[in-house]
Amino acid sequence: MVGKQDTEPEENMSDIESFKQEQRVFDPPADFVANAAISGMDAYRAMCAEAEEDYEGFWARLAQQNIQWTKPFTKRLDASNAPFYKWFEDGELNVATNCLDRHLTNGNADKTALIFESDDAKVSSVTYRELYERVCKFANGLKSLGVQKGDRVVIYMPMSIEGISAMLACARIGATHSVVFGGFSAKSLQERIIDAGAVAVLTADYQVRGGRQLPLKAIVDEALDMGGCDTIRKVIVYQRTGADVNFNKDRDLWLHDLVDGQKAECEPVPVGAEHPLFILYTSGSTGKPKGVQHSSGGYLLWSMLTMKWSFDIKPEDIYWCTADIGWITGHTYVTYGPLACGATQIVFEGVPTYPNAGRFWDMVQRHKISIFYTAPTAIRSLIKASEADPKTHPREYDLSSLRLLGSVGEPINPEAWMWYYKNVGGERCPIADTFWQTETGGHVITPLPGATPMVPGSCTLPLPGIAAAVVDDAGHDLPNGKGGLLVIKKPWPSMIRNIWNDPERFTKSYFPQELGGTTYLAGDGAIRNEETGYFTITGRIDDVLNISGHRLGTAEIESALVANPIVAEAAVVGKPDDTTGESICAFVVLKRTRPEGDDAKAIAKELREWVAKEISPIARPREIRFGDNLPKTRSGKIMRRLLRVIAKDEEITQDISTLENPAILEQLKQAQ
Ligand code: WTA
């Protein structure tokens, strides 16, 4: 069987019911439709029909039109070694030249590429020509250190022009980058460096967010001191604040010293279309995070197409995606997609609530942003904040520059959708509720803003060519109105190519034999509306949690907990949360007797900090409950479905006949 083995189907029903009953339909505004690249549903259907008729030809045409190839491809899709699919394999390109050099000759050279706003609201910007020069210098600097095509480079940098330049500098010389989110701990960073076999780490002295400084360089030092990172030759440090850092003269180098005197031109290294542009680690349901490997050609194509299709990007747009470059959204919709399309975009260092919860709206007003793309968690927390402090409500700001809104990372509940639509979009901006994953490379199911009628809480219909379906455990199609597994039946250009160092896990996780071995299993549940066929995502079917739009595996958190010498056993479940989507609840058995009262509080605090240090503050359990044991079946399997009910403080109504130790339930219910 595929997915969570012990999930009670009733658990998600209340959400599904509320989505099912969602009747409101919002047509895209007429003037938006009139000016959109894909205008009206007939245009969408025509594209779907074209993809249906000649699938490979459809993508090949788009790849020829959108990408500048240094060597044109003759092969389209190679499925001979499925599910290790290859696209445009004999073509050659350089992704950085597609994002920069092309704009030097197409009239965009003096156009603003990036507008950077720091945490304390200082604004600076670069044109396409300036960004090109910075990236070339950076790339020459990396070359001077001996970094070559195929080497892996870890980027542990804050949101900054330098962070984006670092990614592009790697792409320019054919090095494969692996960006690690600046919130990850030394331990998480060390694991990723080792798994990727990286030759260099690009970092900053500090990261500044919400008025606080986070010592990135010190965390890199700590990661490297943990040992095992023998492949690392150099650490390059961007000076963000100038505050003190330790410097190891043999290993560390300031970025400004590295680029100083480098030429502002750097011959790009052409790579094959399948060359890994990057590896990005993400959580799975078991074991350690997996290094999702993406291609160069197919990935770049998707980042461009979806900017055009889902965001209807136009030359005059001021575009802002609030994601960090440490996540896939920051890869596709901050670095590669917008730059390849020649957009002008905002790069924001800070957080939505600093100096107050009106920050986003203030920025929209000041920068006259026209396309705004953020996560439901941010929206929900800003709704709450604006109730507490009405001065931060969007109505206090001039948001008339907005023409399109986007949502990403988790299901957006209809109430949050409505608030976003009314208060931020002034009922005139379509909302692109974009469903996708690290593995899909870019949007796969989303309304097209100039075509698709929107229903709050539904990501609506697949993009042209995306063969999304809802199936049962055996891979049989389910009728509309019946919930099941979300799959994509045909390969598409930007799909995950492999898990770095672990092809077996790749096939097992995403192309299970139960579904035939070549159908992509998303790991989410979905249901289609009976009349419209619209998709609603009902949440993960595996043990992956979504906390504020961040993916975390329960297994990862459990193994961090048991790595603490006082912990004997741990089980982690998600608990629904109005703001963060889910919160983490851990059930823990200590090696010593079960703590109670203040003792329990103190140990819970210690363990919460431990997990934050082992993985990241985003993985810190909200709640820890102690027991003498955990509920288990006779064969010793932890019954997480019961823990999920206990975490919600609900009565257990499910069958507990297979439970070995029923008395434990009472104890865990009491334990707080
Ligand atoms: C969830 C983020 C509902 C889903 C781009 C998926 C969504 C996981 C949506 C991937 C959406 C993302 N509606 N759920 N519009 N977008 N998800 O890899 O559970 O960080 O599997 O990629 O987020 O998270 P990831």
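In each ligand, atom 1 is the first atom listed, and ligand 1 is the first ligand listed. Computed from a prediction, not measured in an experiment: that's the story for all the values here.
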Q: For the aromatic rings, using the six-membered ring if either is Trp, is the centroid distance between Phe26 and Tyr421 under 6.0 Å?
A: yes
Q: Considering non-hydrogen atoms only, spot the tightest contact between Glu556 and Pro289 and give its length.
A: OE2-CG, 3.8 Å
Q: Does Glu439, backbone or side chain, put an N or O under 3.5 Å from an N or O of ligand 1?
A: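 For ligand 1, there is no N or O atom that lies under 3.5 Å from one belonging to Glu439.
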Q: Look at atom 13 (N) of ligand 1 and say which protein heavy atom is nearest, naming residue and atom and giving the distance to 0.1 Å.
A: Glu410 O, 3.4 Å
Q: By number and element, which atoms of ligand 1 are closer than 4.0 Å to a non-hydrogen atom of Ile328?
A: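 Selected atoms, number and element: 5 (C), 22 (O).
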Q: Return yes when Gly409 approaches ligand 1 closer than 4.0 angstrom through a heavy atom, no otherwise.
A: yes
Q: Quick check on Lys575: does its NZ atom have over 12 non-hydrogen neighbours (other residues, nucleotides or ligands) under 6.0 Å away?
A: yes
Q: So, Ser583 and Glu623: side-chain donor and acceptor under 3.5 Å apart, yes or no?
A: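 Per modelled atom types, Ser583 and Glu623 side chains form no pair under 3.5 Å.
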Q: Going by the order shown, which atoms of ligand 1 are within less than 4.0 Å of some heavy atom of Asn546?
A: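 Per the distance check, 1 (C), 23 (O).
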Q: Report yes if some N/O of Ser407 lies less than 3.5 Å from some N/O of ligand 1; otherwise report no.
A: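 No; the residue has no nitrogen or oxygen that sits under 3.5 Å from a nitrogen or oxygen of the ligand.
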Q: Among all protein heavy atoms in this structure, tell me which lies nearest to atom 21 (O) of ligand 1, with the distance rounded to 0.1 Å.
A: Asp524 OD2, 2.4 Å
Q: Under 4.0 Å from any heavy atom of Ile537, which atoms of ligand 1 are there?
A: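 The atoms of ligand 1 under 4.0 Å from a heavy atom of Ile537 are 3 (C), 14 (N).
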Q: Heavy-atom contacts with Val408 under 4.0 Å: which atoms of ligand 1 show up? List them by number with element.
A: 5 (C)
Q: Going by atom types alone, do Thr434 and Tyr373 pair a side-chain donor with an acceptor below 3.5 Å?
A: yes
Q: Please tell me whether Phe184 and Tyr281 form a close aromatic pair, meaning their ring centres lie under 6.0 Å apart.
A: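 No, too far apart.
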Q: Between Tyr333 and Thr306, do the side chains contain a donor N or O and an acceptor N or O under 3.5 Å apart?
A: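 Yes, side-chain donor-acceptor contact under 3.5 Å.
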Q: How far is atom 18 (O) of ligand 1 from its nearest protein heavy atom, and which residue and atom is that?
A: Thr438 OG1, 2.5 Å
Q: Suppose we measure from atom 20 (O) of ligand 1 to each protein heavy atom; which comes out shortest, and what is that distance?
A: Arg551 CD, 3.6 Å
Q: Tell me, which protein residue and heavy-atom name are nearest atom 3 (C) of ligand 1, and how many Å apart are they?
A: Pro411 N, 3.2 Å
Q: Nearest protein heavy atom to atom 5 (C) of ligand 1, by residue and atom, and its distance?
A: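 Here the closest protein heavy atom is Trp436 CE2, 3.4 Å.
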Q: Ignoring hydrogens, what is the shortest heavy-atom contact between Ser283 and Arg551? Give both atom names and the distance.
A: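 Looking at all heavy atoms of both residues, the closest pair is O-NH2, 2.8 Å.
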Q: Above 12 or not: heavy atoms from other molecules or residues under 6.0 Å from CD of Glu504?
A: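 No, CD of Glu504 has 12 or fewer neighbouring heavy atoms, counting only those of other groups under 6.0 Å.
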